[in-house]
Amino acid sequence: MAPKIQPRVPRGMRDILPQKMLLRQYVIGLVEKTFQRFGFEPLQTPVLELRETLMGKYGADAEKLIYDAQHREGKEELSLRYDLTVPLTRVVAMYPDLPKPFKRYQIAPVWRAERPQKGRYREFYQCDADIVGSKSMLADAEIVTMIYTLLAQLGFRSFTTKINNRKILTGIGQYAGLPPAELGGLYRSLDKLDKIGADGVRAEMTQNQIPAEAIERIMKLIAVPTDALGELRELLGEFPVAREGLDELEQLATFLSDANIPRTNFQFDVAMVRGLAYYTGPIYETVVTEPRIGSLTGGGRYDDLVGLFANQSIPTTGTSFGIERIIDVMDELAMYPASIGKTVTQVLVTIFQRELAGVSIQIANRLRAAGINAELSFETENLGKQLKYAAAKSIPFAVIIGPDENSARQVTLRDLTSGEQTRIDQAELAKALAAKLPSEPPDSI
RNA sequence: GUGGCCAUAGCUCAAUGGCAGAGCGUCUGACUGUGGAUCAGAAGGUUGCGGGUUCGACACCCGUUGGCCACCCCA
């Protein structure tokens with residue numbers, strides 16, 4: 001016999017066992033339903049992309065994390081996709097006849113060779129919804145509205161979508177009088193405001209040898225309270241880019257107010273920065289404030305990304321839901337409805353003895369035909385063992401058909417939770433059981 | 001990518017450098033037309049992996065792999 005190998009999965013990747021999958025499917029199902037409710041259409045793309053498709057889009061740091069996926073004899077240089085956004089822009093460039101605005105969603109795994117941590121994996125699902133072909137702030141407002149709707153639907157209460165604009169960040173660079181090479185560092189420091197405070201940002205900028213005068217100007221800027229777009233305009237108004245960004249955010253604010261998004265659930269914040277290089281306009285990031293867990297969504301407008309594949313630029317905006325993190329938070333806070341069971345099986349049909357197997361088979365099949373998830377036991381002797389199996393799997397009901405029941409054309413229906421048993425006519429079983437099972441939740445948002 | 005903590009039965013964890021253990025879980029039996037309770041018994045380990053020090057290593061040293069934490073970055 002060949003020597004045994006350690007059963008294990010690659011670093012940062014994991015198996016998701018059935019009980020966890022049921023919870024994931026609940027979350028993903030709700031996400032998908034919400035996407036569709038807003039008129040987004042499903043899209044699938046290959047997990048592998050040509051390497052050249054991915055390179056040059058995310059910035060040098062991010063690209064180090066891209067997995068290559070070369071076949072030994074392959075002629076094409078292939079990589080595992082890093083996100084779902086760049087594949088989308090590739091699709092848009094390849095199929096120029098898609099009616100615009102093109103609204104698509106995609107829920108699929110992506111790969112990043114990061115150092116794993118809790119809630120942070122090398123293979124994880126992203127849920128993206130994007131609107132291609134509209135430069136209207138209505139499109140951005142719809143994205144933010146959908147973020148609100150979805151998170152509220154999942155049961156989140158205390159969350160805030162932070163909104164900023166790349167154009168404002170560009171304006172800040174000009175306002176500080178920094179050369180372009182310094183800007184990356186400045187933005188990164190700015191982004192940490194929440195975490196390290198104003199003094200921390202100052203210290204970090206000092207350490208990065210940003211001129212004292214520039215630091216003082218930045219400090220004045222981050223002293224502006226969130227949502228105070230007017231005050232920002234006073235400081236940044238002389239820079240046309242910043243003015244454009246502020247105009248956009250003001251329009252966005254109007255539309256969000258028209259959509260009745262609660263004022264506590266979004267916030268304009270100049271200190272919010274998104275890492276990816278391709279954003280050009282409004283950017284969003286949603287943080288859950290209770291508990292403090294980091295960001296659950298991230299996205300923004302990237303008007304020039306499609307232009308890297310086609311001759312024309314196509315304005316695009318969208319967001320990504322960090323489904324793994326959302327699931328982690330929901331696990332931690334036990335945010336799932338009680339109706340989600342630990343198994344798909346609704347009833348175990350036991351076999352009392354070998355001679356009665358045929359009856360049990362037929363009853364199981366009749367239950368299935370009636371839309372009930374019925375499992376047939378494969379044990380024909382020990383009823384105790386069969387019930388033990390049902391209990392171990394948290395199957396809520398068991399059907400027992402012994403000689404007594406069968407001669408009366410009945411069954412015993414046992415509720416494994418309460419231990420109650422009732423005798424039911426075989427012809428009535430499906431109906432009686434269906435009445436005891438939890439009904440599907442209403443399909444409304 | 002940098003630094004730190006950790007790795008012993010399926011799980012949670014013990015074991016002065018001197019016989020590798022407990023609780024829970026699993027399996028079998030008692031009971032029997034019925035899971036959980038009780039009782040009795042059993043199985044389960046190359047101490048992550050590879051070297052080294054030692055008469056002797058789960059323990060000490062080096063390396064390696066993986067998990068976690070803080071950076072970096074990010075969902």
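Side-chain atoms are counted along with the backbone in the values below, which use heavy atoms only and exclude waters and symmetry mates. Below, read A as the first sequence line, B as the second, and so on, with proteins coming before strands; counting in each chain starts at 1.
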Provide, to the nearest angstrom, the distance between the CD1 atom belonging to I107(A) and the P atom belonging to A75(B). 17 Å
note: Q421(A), atom CD; G36(B), atom C1'; distance rounded to Å ~ 14 Å
D61(A) atom CG is separated from A75(B) atom P, nearest whole Å, by 13 Å
With a 4.0 Å limit, can you tell me whether R115(A) has a side-chain N or O closer than that to the phosphate oxygens OP1/OP2 of C71(B)? no
Output the rounded distance in Å from NZ (K388(A)) to P (G36(B)). 6 Å
Any salt bridge between D425(A) and R409(A), counting N to O under 4.0 Å? no
Side chain of F352(A) only, please: which of G33(B), A75(B), G66(B) is the nearest? G33(B)
If you assign each of P116(A) and I401(A) to its closest nucleotide in RNA chain B, which residue comes earlier from the 5' end? I401(A)
In this structure, how many angstroms lie between the P atom of C68(B) and the CD atom of E114(A), rounded? 13 Å
Under 4.0 Å between a side-chain N or O of R112(A) and OP1 or OP2 of C74(B)? no
Any Lys/Arg nitrogen of K64(A) or E114(A) sitting under 4.0 Å from an Asp/Glu carboxylate oxygen of the other? no
Earlier contact from the 5' end, RNA chain B, for T297(A) and Q117(A): Q117(A)
Mind checking whether V86(A) and Y302(A) have side chains closer than 4.5 Å, heavy atoms only? no
Got a salt bridge between K436(A) and E420(A), using NZ or NE/NH1/NH2 to carboxylate O under 4.0 Å? no
How long is the line joining CG of D191(A) and P of C72(B), in whole Å? 10 Å
Please determine if a side-chain N or O atom of K192(A) lies less than 4.0 Å away from the OP1 or OP2 oxygen of C71(B). no
Give the nucleotide from the list U28(B), G35(B), A75(B) with an atom nearest to the side chain of L387(A). G35(B)
Looking at D194(A) and K162(A), is there a salt bridge between them, counting it only when a charged N and a carboxylate O are closer than 4.0 Å? yes
Between C27(B) and K385(A), is there an OP1 or OP2 to side-chain N/O distance shorter than 4.0 Å? no
